[in-house]
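What follows is a short report on a single structure.
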There are 2 protein chains.
Amino acid sequence: MAGRNGRTVRDLRRGNRTAVLQRLYFDGPMSRFELAPATGLSGGSISNVVAELVADGLVEEAGTVESDGGRPRTLLRVAPASGHMIGVDVGETRVRVELFDLTLTELARTERPLERQGYDVEVIVGHIRDGIAEVLAETDITPERLLGVGVGVPGIVARTPEQGAVVHGQTIGWDAVPLESLLRSTCELPETLPYFIDNGARTLGHAEMWFGAGHGAANAVVVLFGSGVGACLVTQEVEQGRSLEWGHLTVRVRGRRCRCGALGCLDAYAGAEALLDRWREEGGRPPQGTDEETALTAMLAAAYPAEGADADPAALNVLEEAAEYLGAGLSDLINLFQPERILIGGWAGLQLGPRILPAVRRYAASYALRHPAERVSIDLGGLGPDAVTVGAAILPLADFFAAGGQRGTRGRARHDRRA
Amino acid sequence: MAGRNGRTVRDLRRGNRTAVLQRLYFDGPMSRFELAPATGLSGGSISNVVAELVADGLVEEAGTVESDGGRPRTLLRVAPASGHMIGVDVGETRVRVELFDLTLTELARTERPLERQGYDVEVIVGHIRDGIAEVLAETDITPERLLGVGVGVPGIVARTPEQGAVVHGQTIGWDAVPLESLLRSTCELPETLPYFIDNGARTLGHAEMWFGAGHGAANAVVVLFGSGVGACLVTQEVEQGRSLEWGHLTVRVRGRRCRCGALGCLDAYAGAEALLDRWREEGGRPPQGTDEETALTAMLAAAYPAEGADADPAALNVLEEAAEYLGAGLSDLINLFQPERILIGGWAGLQLGPRILPAVRRYAASYALRHPAERVSIDLGGLGPDAVTVGAAILPLADFFAAGGQRGTRGRARHDRRA
DNA sequence: GGTCTTAAATCACGCCCTAAATTAACCCAT
DNA sequence: ATGGGTTAATTTAGGGCGTGATTTAAGACC
């Protein structure tokens with residue numbers, strides 16, 4: 001029950017580099033003078049640490065601030081080009097690869113569609129390899145400049161000492177897929193390059209927390225509402241975040257059969273796939289041969305038609321019921337985690353949100369305990385459906401910061417703390 | 001998103017004191033020589049740190065070990081009398097106060113029964129004050145020697161800057177009770193004495209983790225199954241533990257009304273109170289005028305009578321169904337947290353456990369996702385129904401260790417990280 | 001008693017952070 | 001333009017810390 005904490009005086013320096021980098025990153029250009037109270041360090045140490053970071057090329061000057069008598073403060077910022085990250089979103093219908101600079105500015109993106117139910121591992125690994133090669137070629141960035149590759153996937157990600165990240169995606173038929181070692185052997189990238197493979201909801205969560213509607217909160221639950229539903233709990237420290245197999249919480253003992261095999265999972269009532277299934281069962285007729293997104297749009301239009309037209313009672317009923325199930329599912333998270341905010345993202349969530357959010361809020365409040373329910377806000381995410389890649393790219397970046405901006409000395413150990 | 005990590009070189013020393021203390025505490029008497037690799041420190045530093053701890057009276061020599069040539073190793077241990085803790089269990093039917101020495105050896109205990117439904121705050125605070133005075137008097141220990149008072153309560157514990165710990169116990173009618181400030185003003189203890197108020201399930205969890213069936217696991221979920229049900233997630237670091245309002249997860253949308261007001265909570269199907277209610281509804285006749293514990297024993301006897309007698313089908317049915325709901329409820333925790341172990345404690349759990357555990361395991365496996373379900377074990381706790389006080393006493397002890405064995409410099413901040 | 005073995009203490013060294021003292025950079029009034 | 005006034009950044013003691021090598025302590029064995 002010990003766990004080494006930072007043994008030598010050198011670790012102090014690493015921690016202080018991290019603190020300076022983070023402050024500079026989030027609170028914009030800043031002078032050394034402001035940095036001191038912000039990080040809790042003395043002016044002397046700030047000078048010292050900043051000099052080191054500038055020498056390393058991680059921090060650069062960014063002009064000075066007007067002074068009315070007295071030496072002007074010189075502003076500092078993290079150098080955007082001192083490192084790059086790749087973010088990959090292995091989604092339900094496509095694999096998207098994006099390349100970012102340190103400030104999470106998108107430099108290139110590429111997307112490869114997946115065939116329906118086409119969760120073939122080989123194909124996806126191929127897509128990722130090709131995608132990475134493409135964005136690197138497009139921007140003329142050498143792999144050596146990369147801080148790492150972040151990948152968001154559906155399902156549970158476990159870590160083994162031998163194979164690294166292993167994906168257990170029960171709903172997509174992935175059983176113990178050693179994605180990390182597959183990527184390592186397939187992509188022609190430097191051997192030391194770290195891969196960060198994590199649940200897609202969790203990467204989305206980081207993105208919302210750093211740049212979206214979660215910014216400023218001490219913690220939040222971010223829901224990825226797409227074909228199925230997932231969620232994650234995020235806090236200000238990236239390492240603390242936890243992905244939650246929310247979709248497979250039991251909301252109705254002996255209820256509907258879920259695609260995971262169990263009875264009464266939330267996923268069987270609330271994901272886009274489940275909604276369309278239920279609509280069909282109730283006599284609804286989604287358009288044939290289109291993708292889920294189009295079908296869901298049609299369902300929404302049927303339930304809430306334009307002025308004058310009649311609403312489809314089946315669609316309306318299914319959506320209303322889904323709101324109740326979502327509310328009940330959220331109440332579980334509210335009771336367990338007492339988050340400040342709940343943010344709903346994912347293409348289906350963003351599409352349905354404006355319609356069903358009030359009902360979801362109502363049901364969540366009625367199913368949850370009063371104290372935590374009073375303190376939580378439930379809203380849509382602020383980043384659009386493409387944020388999973390951003391979140392994936394945050395993983396290597398956060399690790400880079402945690403290492404004090406030193407490449408190579410990575411501690412993946414931090415991430416192994418599940419549960 | 002920074003958070004200071006340990007700014008000055010002095011924090012290093014504190015961390016190393018913590019490491020040495022913890023190793024010595026858990027891995028028994030140990031020589032300086034063994035301590036070095038165990039803590040990752042050099043021999044020189046061990047000598048140095050140990051000398052300091054001995055000077056502080058926290059560590060003492062404990063004999064030497066035989067040598068076959070060479071200087072014999074002198075063993076060291078944490079001095080049991082260098083500090084004491086009080087653990088309080090505010091339970092459903094009584095308030096229990098116990099006094100422990102540093103090794104969690106019980107020095108004195110006292111118990112005060114509560115009247116049925118008697119959750120009057122004043123009364124309970126009085127019981128705690130009297131109980132503390134009693135155990136201190138009995139052992140002649142002055143309050144100055146206390147490291148702190150730990151209190152396990154039902155419900156959610158929040159922390160406010162002004163009032164300290166505030167308890168929201170919806171099922172016992174406590175709405176924002178500022179228990180910490182009430183205790184501070186009521187008990188005549190030193191002003192600086194820290195109080196650690198936490199959910200009872202969480203304190204039980206720590207006890208199981210340190211001394212019970214959770215020992216050695218990286219993490220575990222501990223269930224407190226009494227009149228109602230609660231749970232907590234515990235890890236090796238005390239600060240990381242989290243209490244979970246498990247009893248109010250929704251396991252059946254639009255299901256039975258729970259005493260918290262919502263529909264379909266697990267608590268409405270699985271706590272001892274709910275079991276007895278349901279038995280009554282199905283025509284069972286629990287003994288009148290007895291306490292819940294006796295009634296539950298009767299129910300169990302009715303469902304599983306001695307050889308030859310006929311089983312009460314109603315009782316049997318209710319218990320069987322409860323096993324399914326418990327299994328489903330556990331599956332939620334399995335999916336969310338992927339714990340290594342689940343331990344069921346609390347008086348009702350320990351009583352019912354031997355009968356229903358196999359069914360609970362079966363249902364949990366069928367409702368949970370395959371990967372985490374394969375990795376979890378579900379067992380009874382190892383500590384008996386009285387462990388809540390032990391766990392409560394662990395809270396000040398863990399804090400003392402985290403502060404490197406220095407009184408006064410407490411950082412309650414660590415505990416404020418909810419969610 | 002001398003030698004070997006092993007544990008613990010001591011010491012020189014390099015590093016780190018703080019606080020105080022300097023130096024740098026700029027404004028303004030004379 | 002020049003010297004005082006201000007404020008920012010750097011430099012300089014001063015005190016701590018952990019490491020790794022070296023010494024000292026303590027016992028066993030011959």
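First the proteins, then the strands, lettered A, B, ... as listed; each starts at 1. Side chains are part of it too, since the values below use all heavy atoms of this structure and drop only hydrogens, waters and symmetry mates. For clarity, every value in this text was computed on a predicted model and none was experimentally measured.
No side-chain donor-acceptor contact under 3.5 Å links B:Q163 to the backbone of B:S181. In this structure, the side chain of B:D101 does not engage the main chain of B:G83 through any donor-acceptor pair within 3.5 Å. Between the side chain of A:E61 and the backbone N or O of A:L76 there is no donor-acceptor pair closer than 3.5 Å. A donor-acceptor pair is defined here as one N or O able to donate and one able to accept, closer than 3.5 Å; such a pair exists between the side chain of B:T18 and the backbone of B:G404.
In this structure, A:D11 atom CG and D:dT19 atom P are separated by 10 Å, rounded to whole Å. Distance CE (B:M30) to C1' (C:dA8): 16 Å, rounded to an integer number of Å. A:R71 has its CZ atom 4 Å from the C1' atom of D:dA9, to the nearest Å. The CG atom of B:L53 sits 13 Å away from the P atom of C:dA9 (whole-angstrom rounding). The nearest whole Å value for the distance from the CD atom in A:E61 to the C1' atom in D:dT10 is 14 Å. In this structure, CG of B:L76 is placed 11 Å from C1' of C:dA8, rounded to the nearest angstrom. Note: CZ (A:R13) to C1' (C:dT18) measures 13 Å, nearest angstrom. The CD-P distance, from A:E52 to D:dA9, rounds to 18 Å in whole Å.
Taking 4.0 angstrom as the limit, B:T8 places none of its side-chain polar atoms (N or O) nearer than this to OP1 or OP2 of C:dC17. B:N16 has no side-chain polar atom (N or O) that falls below the 4.0 Å cut-off from OP1 or OP2 of D:dC17. An OP1 or OP2 oxygen of D:dA9 is reached within less than 4.0 angstrom by a side-chain nitrogen or oxygen of A:T74. Close to C:dA8, at under 4.0 Å from its OP1 or OP2, lies no side-chain N or O of B:R73. Between B:S42 and D:dG20, a side-chain N or O to OP1/OP2 separation shorter than 4.0 Å is absent.
Distance from the side chain of A:P72 is smallest for C:dA25 among the nucleotides C:dA25, D:dT10, C:dC17. Of the candidates C:dA8, D:dG18, C:dT18, C:dT18 carries the atom nearest the A:S45 side chain, counting heavy atoms from C-beta on. Checking D:dG18, C:dC16, D:dA9 against the side-chain heavy atoms of A:L12 singles out C:dC16 as nearest. Closest contact between the side chain of B:S47 and the listed nucleotides C:dT10, C:dA7, C:dC16 involves C:dT10. Side-chain proximity of B:V9 to the nucleotides C:dC26, D:dG18, D:dG15 is greatest for D:dG15.
Comparing A:G70 and A:R10, the nucleotide of DNA chain C nearest to each residue sits closer to the 5' end for A:R10.
Salt-bridge annotation for A:E52 and A:R13: present, with a side-chain N of the basic residue lying under 4.0 Å from a carboxylate O of the acidic one.
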